[in-house]
Amino acid sequence: MKLSRFIARRYLFARKSHQVINLISGIAAAGIAVGCAALVVILSVYNGFDLVVRSLSDAHTPDVRITPAGGKVFDYDSRFDFLDGDPRVAAACGVLEERVFVQYGEREKVVTARGVDSLYERATGLRDYVVEGDFELKFGQLNQVVLGRTVALELGARPAFLQPLTAWFPGRTAKVDMLDPLASLRQVKLHPAGIVSLEQEFDQKYMFMPLEAMRELLEYSDEVSALEVYLDSSVLDRHGMAPKALLREWQAALGEDFKVSDRRQQNTALYKVLVYEKIAIFLIMLFVMLIVSFNIFGSLSMLIIEKRDDIATLHAMGADDSLVSGIFVREGWMISLLGIVSGLVLGLLVCWAQMRFGFVKMPGNFVIDAYPVVIQPLDLVLTVAGVSLIGLLISFLTRRLTR
């Protein structure tokens, strides 16, 4: 083993009689380096976008959400008193959500209205994404509304305007009069207080109003459609998720009539898409690395042809086929390792520069100015392992050429 490694190292750095072999070896190592650096940079940028997307989602997603197992609403009553005395709970907010028809001046739109209480105003992360006005749903006795940015643009509403917004919903108990259908509709008036912007789907879907006004509109008393619980930060795990033990404890306390979900369970599709996309990106980049690594096969094939006399001498001195083939397998792997180390250094330097200076800017109006970069050690380990394995497999293809 030591002999084959020693000879492989000499072959790698020694000058060849044909300069083209040196050139192809250099191209092979450079190709692996560039591919490895690209893999590190692309995965790190994806991690950055993953973090941004999750932070935007977490801004309006509670740590724990309690919903009815059946039906749309439930009574917010003494069954939930245990949450008030739990030191792990920072805030428990009742939320009533429904699709309503809204009118502002001559403009109309159907939006998803969320009735929330005063605790929600303080606990939600949406306050950090208010682009105009304030996230305040009460001004004395005056009911106010906070609109998604696209909703506000389509309605032509601004916090500075004094004209109220009208929300309409069919009365649950009123009979429809065909001569006057509007008589069966209930309405509440709300004054725009703020505009919040997260991402396109959220901005064109939601508006937030006082829970009492929402109950008045829907003809409810103590009902809510969900209970959103925000935990003390010390309780959350390293991924920012509620502990599984806590979910099981609350599920057992509430019984089968309710469903207790953490952030991942509330956004199952989003989290799965983020994971699957990253796996797909990694596999595609490994396939590119596989193609690039065939330069190693070409370099070793030409080196074997050049070293035919050396191979014959080694056989005459008693070397078996495994020793001779091991020399060229190790040389191919050394070329891969040289490219991997160079690529890791280059990729980390590019990532550091982007994190430090933000050279590459985001186009258009986005929540961040430059492309985000987050380096994860596991990505580096998987990159090294994947590219090393590819280099080793390509090198093994040359074993028959030495016989």
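No experiment lies behind these values; they were computed from the predicted model shown.
The OG1 atom of Thr67 sits 11.5 Å away from atom CG of Asp257, with the distance rounded to the nearest 0.5 Å. A distance of 9.5 Å separates CG of Asn47 from CD1 of Ile375, quoted to the nearest 0.5 Å. To the nearest 0.5 Å, atom CG of residue Asp232 and atom CG of residue Asp86 are 10.5 Å apart. With rounding to the nearest 0.5 Å, the separation of CZ in Arg356 from CG in Leu349 is 14.5 Å. Atom OG of Ser261 and atom CG of Asp63 lie 12.5 Å apart (nearest 0.5 Å). Interatomic distance, Leu39 CG to Ser44 OG, rounded to the nearest 0.5 Å: 9.0 Å.
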- Item | Full working for side chain to side chain contact (heavy atoms under 4.5 Å, CB included) between Val275 and Lys272 | CA-CA 5 Å; Val275 172; Lys272 284 185 177 180; 5.9 Å; no
- Worked check of side chain to side chain contact (heavy atoms under 4.5 Å, CB included) between Met209 and Asn143: CA-CA 7 Å; Met209 57 191 292; Asn143 290 324; over 6 Å; no
- Message: Phe258 vs Arg79, test: side chain to side chain contact (heavy atoms under 4.5 Å, CB included). Steps then yes/no.
- Response: CA-CA 11 Å; Phe258 295 92; Arg79 289 173 295 179; 3.6 Å; yes
- Message: One pair to check against side chain to side chain contact (heavy atoms under 4.5 Å, CB included): Phe169 and Met214. What are the steps and the verdict?
- Response: CA-CA 10 Å; Phe169 192 80; Met214 189 67 173; over 6 Å; no
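For the residue pair Leu217 and Ala167, the shortest heavy atom distance occurs at CD1-O, 3.6 Å. In terms of heavy atoms, Val145 sits closest to Met207 at CG2-SD, 3.9 Å. Scanning both residues, Pro62 and Arg263, for their nearest heavy atoms gives O-CG, 3.1 Å. The two atoms that bring Asp117 and Ala92 nearest to each other are OD2-O, 4.4 Å, heavy atoms only. Minimum heavy-atom separation, Gly94 to Leu227: N-CD1, 3.8 Å. The heavy-atom pair separating Asp134 from Val146 by the smallest distance is O-CG2, 3.8 Å.
Leu165 is listed as a side-chain neighbour of Leu147, based on a closest heavy-atom distance under 4.5 Å. The shortest side-chain heavy-atom distance between Val116 and Thr124 does not fall under the 4.5 Å cut-off. Here the side chains of Ile195 and Asp203 are not in contact, with every heavy-atom distance at 4.5 Å or above. Side-chain contact between Leu380 and Leu348 is present, with heavy atoms from C-beta onward closer than 4.5 Å. Between Gln265 and Leu247, the closest side-chain pair of non-hydrogen atoms falls below 4.5 Å. Annotation: side chain of Ser388 is in contact with side chain of Ile340 (closest heavy-atom distance under 4.5 Å). Side-chain contact between Arg127 and Val196 is absent, with no heavy-atom pair separated by less than 4.5 Å. The shortest distance between side-chain heavy atoms of Arg186 and Glu216 falls below 4.5 Å.
Between Asp237 and Lys244 there is no salt bridge, since no side-chain N of the basic residue sits under 4.0 Å from a carboxylate O of the acidic one. A salt bridge is absent between Glu223 and Lys72: the closest approach of a Lys/Arg side-chain nitrogen to an acidic carboxylate oxygen does not fall below 4.0 angstrom. Glu212 has no carboxylate O lying under 4.0 Å from a charged side-chain N of Lys138, or vice versa, which leaves the two without a salt bridge.
Cation-pi geometry between Arg264 and Tyr271 is satisfied (NZ or CZ under 6.0 Å from the ring centre, within 45° of the ring normal).
Residues Phe202 and His60 bring their aromatic ring centres within 6.0 Å. Note: Phe359 and Tyr371 fail the aromatic proximity criterion, with ring centroids not under 6.0 Å apart. In this structure, Phe74 has its ring center under 6.0 Å from that of Phe80.
The number of heavy-atom neighbours closer than 6.0 Å to CZ of Phe357, taken from other residues, nucleotides and ligands shown, is above 12.
When only modelled atom types and interatomic distance are considered, Glu277 and Tyr46 share a side-chain donor-acceptor pair under 3.5 Å.
Residue Arg114 forms a salt bridge (charged side-chain N to carboxylate O under 4.0 Å, His left out) with just one option from Glu121, Glu98, Glu228, and that option is Glu228. The side chain to side chain donor-acceptor pair (under 3.5 Å) test with Thr166 singles out one residue from Gln103, Lys189, Glu108, and that residue is Lys189.
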